[in-house]
Structure formats: structure tokens, C-alpha cells
Amino acid sequence: MMKSIPVWKQELSDGVHAARLASLYCCAPAETASEAARYAAVLDGLEKTFGSHAEAGLYSAPGRTEIGGNHTDHQHGRVLAGSVNIDMIAAAAPNDKNQLCVQSEGYDLCIIDLNGLEARKEEENTTAALLRGECAAFTQRGAKLAGLDVYISSNVPKGSGVSSSAAFEVLIGVILNDCFMTEKVSPIAIAQIGQWAENVYFGKPCGLMDQMASSVGNIITIDFASPAKPVVEPVAVDFSKAGLALCILDSGADHADLTDEYAAIPAECRAVAAVCGGEVLRDVPFETFLAKLPECRRQCGDRAVLRAFHVYADNDRVAKQVAALHDGDFGTFLSLVNESGCSSWEYLQNVIPAGYKEHQEVGVTIAAAKHLLGDKGAVRVHGGGFAGTVQAFVPVEMLDEFKAGMETILGEGRCHVLSIRPEGGAVL
């Protein structure tokens with residue numbers, strides 16, 4: 001929705017959007033002044049970067065937290081995930097250049113010509129590839145694209161496992177959907193467009209969970225048995241009412257240069273599935289996998305086999321987690337989170353990159369968190385692993401002590417206390 005920039009700024013200053021912001025950021029309307037200031041700042045950034053505009057729109061896409069189903073989505077498995085109250089926001093306004101011009105704070109200006117939307121090999125692993133891919137996908141769905149200037153600001157830590165990349169893809173999708181689609185596509189379609197752009201244009205064989213959690217919002221369970229038509233169901237739960245705080249711990253290690261580590265996981269799982277007569281592990285009954293185990297070890301190696309064991313077990317754990325949450329059985333839920341974390345480290349092996357000795361930040365973060373929690377709460381590697389973050393469910397009465405202890409070890413500001421956001425990609 002486009003409005004004149006002076007009108008937006010006045011409304012933000014006057015608190016007109018306080019209730020909307022309170023919903024997005026999980027706080028009271030009286031506590032939204034800092035969020036309103038962020039949106040005013042992206043309007044300022046838009047005009048400072050691109051010059052004056054008659055009108056602009058404001059948009060948001062949240063980071064996400066993976067709660068269950070670690071690395072199962074690319075095997076058409078089940079996941080449990082949620083959007084969180086940190087996000088990437090943007091101001092967008094029309095231009096007459098027939099170009100999509102995107103300026104993200106702290107990054108170089110990225111410009112793509114809307115007349116040339118074919119995939120380009122030389123653009124792989126770049127922002128331009130994602131933008132071009134999403135524009136191509138919306139064009140295929142009937143969008144009549146026109147020039148657009150976009151200014152983006154984010155408080156989703158890059159490379160942190162809260163998925164800044166998915167937030168970016170969803171944010172661009174929300175903007176293109178709002179500005180150029182007469183018949184709007186669904187949040188699920190926006191997530192699928194982001195994944196397609198990342199797979200085909202960017203060159204990364206990612207799954208769909210990150211984009212889906214950011215786009216759809218709240219806590220959801222997703223069954224990817226049919227990736228073209230994933231089954232998405234809400235899971236009503238309020239961790240605060242259970243006396244639990246959700247913490248994301250920044251290990252200090254970045255995902256940069258670890259693409260090969262991530263790509264190896266789906267590749268090895270698919271190799272095991274192929275030996276067993278399937279394309280992905282969801283195609284193969286566990287009993288068939290067990291029967292073919294010697295052959296899988298010979299053809300794929302033991303690490304691939306262990307990773308398959310993890311996928312089968314974590315896929316089953318998601319259904320148990322959802323049942324426990326439906327029943328309000330948080331003890332069982334926390335036990336399953338811990339089981340998933342142990343399986344990820346021992347079988348999936350996505351805590352420490354191969355060959356790393358001096359730098360094992362994620363492992364140290366898990367060990368420290370488990371020590372501070374004792375036999376309370378739960379701890380697991382978060383998201384893709386190898387770098388980034390660790391997830392902890394912390395009893396509220398231990399939160400202050402836990403946060404102080406973790407930040408003594410990791411550094412100030414490395415323990416993020418988050419809330420589940422009730423909405424995904426949003427037009428303000």
C-alpha cells in the first residue's frame with residue numbers, strides 16, 4: 001500500500017500504527033516507538049539514496065526459528081518452525097528506469113534491469129541473482145513489473161541461523177506481490193518463489209523451511225511430502241505461559257564459505273535414497289534403508305548413512321513434538337528438543353565443520369548452555385548448523401542468570417531473547 005512519505009512519517013510519529021507494530025513485534029502499543037522510528041528511518045534512507053518520491057510502501061519479513069526437523073525439509077520431511085520478532089524492513093517506491101534498485105544498509109547498491117530476467121551463471125551467489133530470480137518468478141505468474149527503488153534495514157543478524165537470507169527473499173516477494181500482482185499470491189507461494197530463486201538463480205540447493213516460516217508466520221508444522229503442495233498447519237502454543245523463554249545464542253561463527261558443508265548434507269541423503277530406489281529419503285521406508293545398509297555404506301560412505309539415520313528419527317520426532325505441544329506436555333517437548341540436538345551433533349554432524357579443530361564455536365556454545373541449564377530446559381544446534389546460532393528453551397526464572405552467563409562466555413549481545421511473531425511477511 002503506497003502513501004505519501006510525509007503522511008507515513010506523521011502517522012508513525014503520532015502512533016497511528018502502534019497497534020499494528022505491537023502485533024508484529026510482540027510488545028505493548030506503548031513500547032513501539034523504537035519500531036516506528038525504524039520505519040521512519042527506511043523512508044529517510046529511501047529518499048537519501050534515490051531522491052524524492054511521491055509515495056512509498058512499507059514492508060516487513062521476519063527471521064525464523066527452527067524448532068523441530070533439523071535438515072529434513074530437503075528430504076521432503078516434516079518440520080516445526082516459527083517466525084520471530086526480529087525482522088528485515090523496507091521502504092519501496094516506483095521509479096521510471098525499468099530497474100529494480102535495492103539498497104540494503106551496509107551493502108552495495110544492487111540494480112537489475114527488468115528487461116533481462118534470465119538466469120546468469122556469473123551472478124550465482126550474489127544478491128542480483130536472487131532479485132532476478134524472484135522477478136522472473138513473479139513475471140511467470142502474471143506480474144507486470146515496473147521500476148522500483150527499495151531501501152532495506154535489518155536487525156536479523158546475518159549468518160546467525162535466524163535466516164536473514166530467507167527474510168530477504170520473503171521481503172522482496174512481499175514487495176513484488178503488493179506492487180505488481182493484481183491477484184495476490186499466497187504466503188506459501190512467496191516462500192516457494194524465494195526457494196526457487198535461491199536454487200535456480202543463486203545456485204544454493206536449499207530446502208523450503210526457512211522461507212516458509214518467515215513468509216507464513218507464527219508457529220507452524222509443515223509436511224513436505226509433496227513439496228509443490230506442502231501441508232502447513234498452525235500449532236497454537238505460548239511458550240511464555242509454559243514458563244519458557246526462547247533464546248537464540250550467537251556462537252560468533254559465520255556461515256560464510258561453508259556452502260560446501262551445507263550442500264553435502266542433502267547430496268549425501270539423496271545418494272542414500274538412490275541406493276534404496278528413491279529420490280529422497282521420504283520415498284524410502286526405514287525398513288528398506290535398514291535392509292540396504294551394507295550397500296549404502298559401500299556406495300555412499302558411513303557419514304551419509306549416519307545422516308540418513310538422523311533424518312528418519314527427526315522426521316518422527318516432529319510429529320511427537322506437535323502432539324506434545326497440542327497436549328501442553330512441555331516436559332516431553334523439551335526432551336524431544338534435546339534428543340534432536342544430540343542427533344544433529346552425533347549423526348547429522350552439522351555442529352563442527354569437517355577438519356575444524358581450533359574453531360568449534362557452535363560446540364562450545366552448546367556445551368556452555370547445557371552446563372548453565374543443568375537438567376532444565378533444552379538446547380540444540382539451530383538451523384543449518386556448522387556456524388551461526390544455538391537454540392535454548394530457558395525456564396523464565398533462570399533467564400537473567402542464563403543470559404548473563406552466556407554473554408560472559410560469548411560476548412555482550414550474543415544471547416537474543418525472542419518471541420514468536422504471529423504474522424509472517426507483512427505490508428504495514
Side-chain angles (χ1 to χ4, degrees), residues 66 68-81 119 121 124-125 133 165-166 191-212 221-231 255 257-319 339-340 342-355 381 383-386:
E66 170 204 282
N70 193 217
H71 275 280
T72 60
D73 57 333
H74 51 70
Q75 296 305 299
H76 300 184
R78 300 186 187 96
V79 300
L80 182 66
K121 186 70 177 176
E124 285 189 356
N125 296 298
S165 59
Q192 291 170 325
I193 286 168
Q195 183 205 26
W196 181 81
E198 192 164 345
N199 289 172
V200 177
Y201 279 65
F202 188 83
K204 181 179 179 181
C206 68
L208 185 58
M209 181 191 68
D210 294 352
Q211 295 89 342
M212 195 74 81
T221 183
I222 314 167
D223 190 332
F224 290 108
S226 174
K229 295 182 179 179
V231 178
H255 286 107
D257 303 322
L258 290 172
T259 297
D260 289 348
E261 292 280 2
Y262 299 115
I265 294 176
E268 290 179 12
C269 290
R270 284 175 178 268
V272 170
V275 171
C276 299
E279 182 180 344
V280 294
L281 291 174
R282 189 68 179 271
D283 299 336
V284 179
F286 183 63
E287 294 74 18
T288 302
F289 163 68
L290 289 178
K292 293 277 192 177
L293 203 56
E295 191 176 345
C296 290
R297 293 183 68 191
R298 285 194 301 272
Q299 294 194 32
C300 308
D302 284 347
R303 187 176 72 171
V305 166
L306 288 169
R307 285 174 162 169
F309 268 111
H310 164 82
V311 170
Y312 282 110
D314 232 35
N315 209 28
D316 290 341
R317 264 188 289 268
V318 168
E339 282 183 21
S340 176
C342 291
S343 178
S344 292
W345 195 337
E346 294 172 4
Y347 294 166
L348 187 63
Q349 300 179 45
N350 69 330
V351 169
I352 300 167
V381 62
F386 298 114

Just how far is it from atom CD1 of I193 to atom CD of Q211, taken to the nearest 0.5 Å?
11.5 Å

Over all heavy atoms of both residues, which pair between R303 and A264 is shortest? Give the atoms and the distance, please.
NH2-CB, 4.0 Å

Within the structure provided, determine whether Q195 and E198 are in side-chain contact (heavy-atom separation under 4.5 Å).
no

Parallel, tilted or perpendicular, as decided by the 30° and 60° cut-offs, for the rings of Y347 and F309:
tilted

Do side-chain atoms of D283 reach the backbone of V280 as a donor and acceptor pair under 3.5 angstrom?
yes

Once ring-ring contact (aromatic ring centres under 6.0 Å, His included) is applied, do any residues pair with H310, and if so which ones, sequence neighbours excluded?
none

Is there a side-chain contact between E279 and R270, using heavy atoms and a 4.5 Å cut-off?
yes

Audit row: S343, R317, side chain to side chain contact (heavy atoms under 4.5 Å, CB included) steps and yes/no
CA-CA 11 Å; S343 178; R317 264 188 289 268; 3.2 Å; yes

With sequence neighbours left out, what residues match W196 under ring-ring contact (aromatic ring centres under 6.0 Å, His included)?
Y201

Indicate yes or no for a side-chain donor-acceptor contact from N350 to the backbone of F386 under 3.5 Å, with no hydrogens or angles considered.
no

Quick one: does N70's side chain have a donor or acceptor within less than 3.5 Å of a partner on G384's backbone?
no

Using a 3.5 Å distance criterion without hydrogens, assess whether the side chain of E261 forms a donor-acceptor pair with backbone atoms of A354.
yes

Please confirm whether the backbone N or O of S340 pairs with a side-chain atom of D314, one donor and one acceptor, at under 3.5 Å?
no

Taking M209's backbone N and O only, do any of them form a donor-acceptor pair with D73's side chain (distance below 3.5 Å, no angle check)?
yes

Validation row: L208, P227 side chains within 4.5 angstrom (heavy atoms)
no

To the nearest 0.5 Å, what is the distance between CZ (R282) and OG (S226)?
10.5 Å

Measure the spacing between SG of C300 and CG of L306 and express it to the nearest 0.5 Å.
12.0 Å

Between R307 and I265, is a side chain to side chain contact (heavy atoms under 4.5 Å, CB included) present by the stated rule, with each step listed?
CA-CA 7 Å; R307 285 174 162 169; I265 294 176; 3.5 Å; yes

Roughly how far, to the nearest 0.5 Å, is CD1 of I222 from CE of M212?
5.0 Å

With heavy-atom distances below 4.5 Å as the criterion, would you say the side chains of H71 and S344 are in contact?
no

What's the spacing between F224 CZ and H74 NE2 if we round to 0.5 Å?
11.0 Å

CD of E268 to CG of L281, rounded to nearest 0.5 Å, is 11.5 Å

So which heavy atom on V318 is nearest to which on G68, and how close?
CG2-C, 3.6 Å

Closest approach of Y312 and V284, non-hydrogen atoms and distance?
OH-O, 2.9 Å

In this structure, are over 12 heavy atoms from other groups packed under 6.0 Å from D302 atom CG?
yes

Option from R298, E295, R297 for which side chain to side chain contact (heavy atoms under 4.5 Å, CB included) with V275 holds
E295

